[in-house]
Asks: 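Before I ask anything, here is the structure I am working with.
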Amino acid sequence: MSADMSAETSAENAPGNGPGTSPEPESVVDAAAAAAVAPTSAVAAEARDDLAQVEPVVGAPKPDAILVADDVVRRFGGMTAVDVTHLEVQRGAITALIGPNGAGKTTFFNLLTGFDTPQSGTWSFEGRSLHGKSGARVAQQGMVRTFQLTKALSRLTVLQNMLLAAPKNPGERFWLSWLPFTWKAHEKAATDKAMELLARFKLDDKAGDFAGSLSGGQRKLLEMARALMTDPTMIMLDEPMAGVNPALVQSLLGHVQALRDEGMTVLFVEHDMHAVRHISDWVVVMAEGRIVAEGPPRAVMQDQAVVDAYLGAHHDTDLGDDSLLDPEILARLEAEEEKR
Amino acid sequence: MDEFLRILTQSLAEIIAPTTAAFAIAAIGLNLHFGYTGLLNMGQAGFMLLGAYGFGIATIAGFPFYLALLVALAAGLLFALILGIPTLQLRGDYLAIVTISAAEIIRWIGRSTWLQEWTGGASGLQGRNYKGTFQDLSPLPDGRTVIGPLEYINTGSDSWWTRIFAWGLVALALLFVWLITRSPWGRVLKGIREDEDAVRALGKNVYSYKLQSLMLGGMLGALGGVVYVLPLTIAPDAMGRTMTFFTWTVLLLGGAATVFGPVLGAMVFFGAYMLMRTGMRALAENTGVGDIITTTNVEQIGGMLVGITLMLLVIFRPQGILGNKKELAFDVR
Ligand SMILES: Nc1ncnc2c1ncn2[C@@H]1O[C@H](COP(=O)(O)OP(=O)(O)O)[C@@H](O)[C@H]1O
Ligand SMILES: [Mg+2]
C-alpha cells in the first residue's frame, strides 16, 4: 500500500480513455472514473475478463465467487425487507449494489455481515458458511463493513480509531495489557501503517484530533480507512460517498479502485449513478427486497426493470444518462411521477 | 473560632477516613464500568455488600486474612458473571435495571432470617467477629499517634493502621487501572463505550470485553466493600441504594474516564459533605438559623443537597472536576 495508489497520481498517469468511459470527463466524478479505467493488477484484470463472460441475468453464477448467498429472507413483522434467491459476488471486482431507498440494501448488508439474523437462508464467504456467525467473527474472516450512518468513535482520536482496528494486537488481551513491552512493537508497526493509510485519505494532519471533531465526510473517510486497517479480503461499503464533498468524492473513487487493483473485493451501496457507472465492474439492483437485475453497469442502467424501479414505469431514460444530473429534468420526472 | 477549627478538622479527618477510601475504590471500579466501557452499573453497592459478606463470613469461618480477601474478590467476580452473562448481550439499559434489582436482592437476602446463621440477619455481623485477623497484621506499635490536628490509635477499628491499609489499596487500585486502561485493551473498552457495533465490525469480541470490564470493576467494588466494613460493622441496610448513589456522585464529581477522578471525587465529596453537615449543625445550634434548620433535620437536608449537587453536576459539568470539556463537546448520540 503505497502513496502512489492515490487518485491524483493515477489520474496523471491515466493512458487516455479506456473502453466504456465517456470521451470527455465533465464532472469530477467522470474525471476520477476516467483516471483508473483499466485495472492495473492481474487479479483485477482477470476478474474483469471473467465478468465479461458472465451472462447478465439475476442470480448468474460467477467464475470465481467469493461470496454466495442463497434464499436469504428477512421479514420485519409482515413486511419482507430482503428476499434474495441467489447472488454471487465475483472475487477481485467492484460490485455495486443499487436500488431505491428502502429496497433492503442496508438490511442485506447487515445480514451478510452478522449484524442481523434472517428468518432463513444460507450464505458463505470464501467457501465457508457464515450462517450464525457474529459480526466480529465475520470481520475476523476478512469481510469488513462500514455503516451507512457513520460510526466514528468520537471521543477517541483519529489515530486511536485506526489503531483500534489493527488485528491480532497482543495488548488487547487483558493479561498482557499491563506489560507494554509485550505489545509496543506491534503498536509501533500499526501506527506506521495507520499513518500511511491516513495520509492516503488526507487525514494524517488530523491524527491527534478527536474523531468527533471531524466533518461528516471526513468521518466517512475515517471509517473506510479504519476498515482497511483490518487487512480485509473483502470490504463492504454502505453509501461511502454520501455526505462527502465532491472534491473528496473524486479521490474516494480513486481509492476504491486502488483497493480493487490491490486484489481486494469491493461491494458497495451507492446512489450516485455516475460513480456507480464509472468505477464498478458489476452492478446488482435491488428493489423491494429482491434482486431485480444484475450485469455490467452500462447494460444494467438501460434495463427497463431498473429504470422502472428508480423512476417509475414508462420511462425510456437511461439511468447513466447525464441529463439526469440536471435538476430541471429531475424535477420534471418527479412531477410526472406524482401525477401518475 | 474554636468551633470553626473543629469543623475544619472534622472535614479533614473525613477526607482521609477509611470509608472515603472505600468509596474511592468502589468508584474506581465503577469508572472501569461506566467511564471506560460505558456500562451502566446501578448496583455497585451490591458488589460492595457481597464483598463485605464474603470477607466477614470467611474470616468468621477461620480463614486467614488474605484468603478471606480473595473470597471477597471471588464473590464480586461471581456476581459480575451472573449479572453479565445474560444481560451484556442486550441493550445497555437492561444492565442498569438488572444491577439495581440484583443489589437490592442481595441486601434483602442478607437481612432475611434464612441465612441469619452466616449473615447475622438485619442486624448484620459485629465488627469484633471479623476484624481480628486484619488488626493482627498491623506492623505499628501499640499506642496513639498525633499527626497535625488528627489523633487516632495506631491499631484498632478507627485507627492509623486501617487508614494506611485502606489508602494503600486505593493506590494499588489506581496503579492497576492506570496500567490496564492505557493499553490497547483499554482502547477497546473506550471504543465499546463510543459505539459497540463499530468495534464489533472491526472483529473484536465486544461481549467478552464487556464481561471482563464488569468482572474487574465488580471485584474492585467488592474490595471497596471490605475496606468499608473494616472500621464498622457489616450492616446490610447501610449498603443499599444510597451507597450506589454516593458512588456515582463521587465518580461524576471527580470525572469519569479519568484515572484520578474517583479518588479526588471521593475526597471532595466526603470532605464537603462533612463540612456541610457539621457547619449546618453549628449554625443551627448557635444562630437564629436554628428556627429553620433544626439539628434533627441536618441529615435529611444533607442528603437532599447531595441529590441536588448530582443533578447540577450532570447538567452543568458532566465531565466532573478532572474531565476534559472538549471531549464531551461531541454529541455522543
Ligand atoms: N429494524 C427494522 N425494523 C423494521 N423495519 C426495518 C428495520 N430495518 C429496516 N427496515 C425496513 O426494511 C426496509 C429496507 O430498509 P433498508 O435495508 O434500510 O433499505 P435501503 O438501505 O435499501 O435504503 C425498509 O422499508 C425499512 O423500513
Ligand atoms: Mg441503506
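Chain letters run A, B, ... following the sequence lines, proteins first and then strands; every chain starts at 1.
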Asks: So for B/Tyr207, is it side chain, backbone, both, or neither that comes closer than 4.5 Å to the heavy atoms of chain A?
Replies: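 No part of B/Tyr207 comes within 4.5 Å of chain A.
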Asks: Does any backbone or side-chain atom of A/Arg137 lie under 4.5 Å from a heavy atom of chain B? Answer side chain, backbone, both or neither.
Replies: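 For A/Arg137, there is no contact with chain B at all, as no heavy atom is under 4.5 Å.
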Asks: Give, for atom CZ of B/Arg187 and atom OG of A/Ser177, the distance between the pair rounded to the nearest 0.5 Å.
Replies: 12.0 Å
Asks: If you compare all heavy atoms of A/Leu164 against all heavy atoms of B/Val188, which two are closest, and at what distance to 0.1 Å?
Replies: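 Smallest heavy-atom distance, with atoms named: CD1-CA, 3.5 Å.
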Asks: What pair of heavy atoms forms the shortest contact from A/Ala139 to B/Leu202, and how long is it?
Replies: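 Closest heavy-atom pair between A/Ala139 and B/Leu202: CB-C, 4.0 Å.
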Asks: Counting heavy-atom pairs under 4.5 Å to chain A, which of B/Ile180, B/Asp197, B/Thr181 comes out on top?
Replies: B/Asp197
Asks: To the nearest 0.5 Å, what is the distance between CH2 (B/Trp178) and CH2 (A/Trp178)?
Replies: 13.0 Å
Asks: Is A/Ala166 in contact with chain B via its backbone, its side chain, both, or neither, using a 4.5 Å heavy-atom distance?
Replies: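 Answer is backbone: N, CA, C or O of A/Ala166 sit under 4.5 Å from chain B.
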Asks: More than 12 foreign heavy atoms under 6.0 Å from CD1 of B/Ile315: is that the case here?
Replies: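 Yes, enclosed.
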Asks: Count the heavy atoms belonging to other residues, nucleotides or ligands that lie under 6.0 Å from CZ of B/Arg182, then report whether that count exceeds 12.
Replies: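 Check passes, neighbour count above 12.
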Asks: Are the side chain of A/Gln140 and the backbone N or O of B/Gly203 linked by a donor-acceptor pair below 3.5 Å?
Replies: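 Yes, A/Gln140 side chain to B/Gly203 backbone: donor-acceptor pair under 3.5 Å.
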Asks: Of the non-hydrogen atoms in A/Leu153 and B/Gly191, which two are nearest, and what is the gap between them?
Replies: CD2-O, 3.6 Å
Asks: Roughly how far, to the nearest 0.5 Å, is CG of B/Asp195 from CG of A/Leu149?
Replies: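 So the gap between those two atoms works out to 10.0 Å.
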Asks: Side chain from CB out, backbone as N, CA, C, O: work out which of these in A/Phe174 comes under 4.5 Å of a heavy atom of chain B, or both, or neither.
Replies: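 For A/Phe174, heavy atoms of backbone and side chain both lie under 4.5 Å from chain B.
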Asks: What parts of residues 108-133 of chain A touch chain B if we use heavy atoms and a cut-off under 4.5 Å?
Replies: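 Only A/Phe115 of residues 108-133 of chain A have a heavy atom under 4.5 Å from chain B.
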Asks: What part of B/Val206 gets within 4.5 angstrom of chain A, counting heavy atoms only: side chain, backbone, both, or neither?
Replies: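 For B/Val206, there is no contact with chain A at all, as no heavy atom is under 4.5 Å.
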Asks: For B/Trp248, look at atom CH2 and say whether over 12 heavy atoms of other residues, nucleotides or ligands are found less than 6.0 Å away.
Replies: yes
Asks: Tell me whether A/Lys151 contacts the main-chain N or O of B/Glu194 through its side chain, where contact means a donor paired with an acceptor under 3.5 Å.
Replies: no
Asks: I'd like to know whether B/Asn205 forms a side-chain contact (heavy atoms from CB on, under 4.5 Å) with A/Glu172, so could you lay out the CA-CA distance, the side-chain angles of the two residues, the decisive distance to 0.1 Å, and finally the verdict.
Replies: CA-CA 11 Å; B/Asn205 187 344; A/Glu172 284 180 3; over 6 Å; no
Asks: Got a sec: does the NZ of B/Lys190 have more than 12 other heavy atoms crowding it under 6.0 Å?
Replies: yes
Asks: If I measure from the heavy atoms of chain B, does A/Glu187 come under 4.5 Å with its side chain, its backbone, both, or neither?
Replies: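 Just the side chain, heavy atoms under 4.5 Å.
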Asks: Can you check side-chain contact (heavy atoms from CB on, under 4.5 Å) on B/Ser183 and A/Trp183, steps first, answer last?
Replies: CA-CA 9 Å; B/Ser183 71; A/Trp183 45 262; 3.7 Å; yes
Asks: Which bit of B/Leu189 comes within less than 4.5 Å of chain A, counting heavy atoms only: side chain, backbone, both or neither?
Replies: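 Neither part, no heavy atoms under 4.5 Å.
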Asks: Measure the spacing between NZ of B/Lys204 and OG of A/Ser134 and express it to the nearest 0.5 Å.
Replies: 13.0 Å
